[in-house]
Amino acid sequence: MTPAESRAASALDTDAVAGVRTEPVVDAAGDGAATVVSTVDRPPAARVAGSPAGATESADPPATVVDAPARRWRWTRRRLDLAVYGLFLLAALWVTSRIWMDPAGRVASLYSSDPAQVQFFLAHSVRVVLHGEFPFYTDQFNYPDGVNLMANTAILALGIPMVPVTLLFGPAVSFVLLVTLGLAGTAAAWYRMLSRHVVRNPLAAAVGGWFCGFSPAMLSHANWHPNIISQYLLPFIVWRVLVLTRSRRPVRDGVLLALLVTVQAFINEEILLFTALACGVFLLAVVVQEPARWSAAWRPLAVGLSACAVLAGALLAYPLYIQFAGPMAYHGLSDAVRDYGNDIAAFFAPGSPTLGGNERANANLAPNYSEENAFFGWSLALLAVGIVLWLRREVLVRALAATGVVFAVLSLGERISWWHREVVTGPWEWLVRLPLLDAVVPTRFGLITSVMIGILLALAVERAWSLPLADRRTVRTLTVAGLVLALLPIAPMPLRVVSRPPVPEFITADRWRAYVGPDQTLVPIPVPSMGNTNGMRWAAATNLDFKIPGGYFLAPRNGNTGDPGRFGGRPSGVGRLLEEVATTGRTPELDDRQRRRSLDELRRWRAAILVLPVGQQNAEPLRRTVEQMVGPGRRELDVWVWDVRALTGRPS
């Protein structure tokens, strides 16, 4: 072993907590050594018999010189890594292919609210960079109350690097690019960590990384939540925590961990909390099995975590203050999502966006189609159990299994059910009101179980590949067949999409600028809400150059800072009325009292114009309803426009 290899082996030594010895990754040939391509030395020219010492044959016949054979192409570690990363990227492009065909005109089927919200946040990042706008709060929607962006996952750590893309191509392109990079990047990050620190076999690391990046849970969130699937920092956060248990420089390692934690906090705090909980349960599972490890691990772990807490706390203190005590802060999630839990049967069904999945078959097994956080299928569920039984003597395997089971049970929510029939009260009932946990969607604990299964798959392939059997080819063939049987039913398929209305030409051609001043709002009809986010896409298309009332977001009930959270701001009479008309197509008869209340609300919004797309569903009943409120409108390009500045007291 060369000195460089010795240093690498030392750096990648066993994590003392897990008790698993690791070594450098071998090349594709499996010879355990670094791949080195050498040339064949040119042989010296033949001496002529009887010539003086040192003399060589120089003429007639000439010396024969044999060229070195051509270099043989080998799978070096770098080439192998690049090939795996390329495979992950191609898979991510396959999953998002239907959206890439028309990013601005296609959206996830069934639900369109979350993509519009994310695109709004991406446009906000543009304003932060170009205009120095306050990053943690905005009144560009839900005017005049505004929205606490720290409490709404504004993805600043993703949106700010994407500003050039958003400026050049628009927030819709940035959205699908984030989804693509989230899937491929997460798989690549887990492959990198597993191949360097957990397993030696490249196939084992690739299988584990693949499942962590393209599990049914990740595919379920891909159409809606790029902040949830962008988990490429998590493998390194987990590894830095484990390094702290044996660190000789815990302060330095704690600082490195703090930087990772800070960036992840601006991607998704809920996933960061899940990572911390999973690390805690995993370490506890190891210590319970081998208590002697605690005496050597507690001191560097305590010092490193303290350093991490001090630095990350200092960096995040102000943003967290805004989140929990700033304007429009709330405490606890809406009752609509707090009890979201997985059905037990969901663990044995394939996810909807997979080869064997079916939306109708999965009805009632998950809170909705964007939260299919279990859905491993029968074959993979049985394989995971089989792996644990096979490798049950290993501390690492038992700790991973315990962690996966704990969070699988918590993901069932407050009421555990089987095929949508309640069976028993779950342990989440006792935890849901604890600080921080009261803001968790319990079904998402299934994401932790997915990662545990991914690591178990990597370990199983590694152990199978190194079995001391005479017929290794048969064992490896059976291993590959088992993986295909388990993973093929949940192989990723292109995400299902539908067309959505284009942003009106009235908006894209900047015709609205003739009406709306900097302290005024443009009111889309219907008013933006959780069920209708088209107006948010209009604003995002202009990089939020105009304000809108309403929108889709989390806020305190009735707009009172500190109250429990709910979707949307304070109740809006105009918003509810127009939403009902848009849904039913029935035109109500408004009395004078309703007209006065509607005008009062428009004044509160500082409305300059009301805009109704001609192609909006039930556009004619909506037009007649608005005319009862504020009088006749006029057609301009592809919208109806009502100039209400004279009615709301704003200058014309």
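Quick note: residue numbers are just sequence positions, from 1.
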How far does [atom1] of [X] sit from [atom2] of [Y], to the nearest 0.5 angstrom?
X: E371; Y: L365; atom1: CD; atom2: CG; value: 14.5 Å
X: D545; Y: R513; atom1: CG; atom2: CZ; value: 4.5 Å
X: L447; Y: I228; atom1: CG; atom2: CD1; value: 7.0 Å
X: L257; Y: C308; atom1: CG; atom2: SG; value: 4.0 Å
X: T583; Y: E580; atom1: OG1; atom2: CD; value: 8.0 Å
X: T403; Y: L284; atom1: OG1; atom2: CG; value: 9.0 Å

Exercise for review: Output, in order, the C-alpha distance, side-chain angles, deciding distance and verdict of side chain to side chain contact (heavy atoms under 4.5 Å, CB included) for L610 and L602.
Suggested key: CA-CA 10 Å; L610 282 65; L602 293 176; 4.2 Å; yes
Any sub-3.5 Å donor-acceptor pair from [X]'s side-chain atoms to [Y]'s backbone N or O?
X: R595; Y: Q628; value: yes
X: S220; Y: Y369; value: yes
X: R623; Y: G633; value: no
X: N373; Y: F445; value: no
X: R645; Y: Y515; value: yes
X: N148; Y: A151; value: yes
X: T561; Y: M328; value: yes
X: S411; Y: N342; value: no
X: E601; Y: V574; value: yes
X: S113; Y: M530; value: yes

How close do [X] and [Y] get, counting heavy atoms only, and between which atoms?
X: L156; Y: S125; answer: CD2-OG, 4.0 Å
X: R537; Y: A116; answer: CG-CB, 3.7 Å
X: P226; Y: L158; answer: O-CD1, 4.2 Å
X: A539; Y: T542; answer: O-OG1, 2.9 Å
X: A172; Y: A104; answer: CB-CA, 3.7 Å
X: N142; Y: G569; answer: OD1-CA, 4.1 Å

So, do [X] and [Y] sit near enough that their side-chain heavy atoms are less than 4.5 Å apart?
X: K547; Y: W605; result: no
X: S370; Y: N223; result: no
X: I507; Y: L522; result: yes
X: W538; Y: P504; result: yes
X: V440; Y: F274; result: yes
X: L167; Y: L130; result: yes
X: E579; Y: N532; result: no
X: Y330; Y: P564; result: no

Revision key, fill the gap. Those residues at least two apart in sequence (or on a different chain) that pass ring pair (Phe, Tyr, Trp, His ring centres under 6.0 Å) with H225 are H221
Exercise for review: Can you sort out the partners of F134 under ring pair (Phe, Tyr, Trp, His ring centres under 6.0 Å), two or more places apart, ordered by chain and number?
Suggested key: F136
Check your understanding: Would D591 and R593 satisfy salt bridge (charged side-chain N to carboxylate O under 4.0 Å, His left out), going step by step from the backbone distance to the final call?
Key -> CA-CA 5 Å; D591 56 28; R593 182 183 180 186; over 6 Å; no
Review point. For N152 and Q117, what are the C-alpha separation, side-chain angles and deciding distance, and is it a side chain to side chain contact (heavy atoms under 4.5 Å, CB included)?
Key: CA-CA 10 Å; N152 276 271; Q117 184 192 60; 4.3 Å; yes
Exercise for review: Just do the side chain to side chain contact (heavy atoms under 4.5 Å, CB included) check on I229 and T186 with the steps written out, would you?
Suggested key: CA-CA 7 Å; I229 66 171; T186 299; 5.5 Å; no
Exercise for review: Tell me, yes or no, whether the heavy-atom count around H420 atom NE2, taken from other residues, nucleotides or ligands under 6.0 Å, exceeds 12.
Suggested key: no
Exercise for review: Would you indicate whether R604, at its atom CZ, is surrounded by more than 12 heavy atoms from other residues, nucleotides or ligands within a distance under 6.0 Å?
Suggested key: yes
Review point. Checking side chain to side chain contact (heavy atoms under 4.5 Å, CB included) for the pair V644/M629: CA distance, chi angles, key distance, verdict?
Key: CA-CA 10 Å; V644 296; M629 293 182 188; over 6 Å; no
Review point. Could you walk me through whether D600 and R603 pass the salt bridge (charged side-chain N to carboxylate O under 4.0 Å, His left out) check?
Key: CA-CA 5 Å; D600 287 342; R603 292 188 185 101; 3.0 Å; yes
Point to revise | Summary of side chain to side chain donor-acceptor pair (under 3.5 Å) pairs that have at least one residue in residues 258-274, sequence neighbours excluded | key: E269-Q323, E270-R444
Exercise for review: Using side chain to side chain contact (heavy atoms under 4.5 Å, CB included) as the criterion, point out the one residue from F347, W428, W418 that pairs with L412.
Suggested key: F347
Practice item. Anything under 30° is parallel, anything over 60° is perpendicular, the rest tilted; go ahead and classify F141 against F553. Key: perpendicular
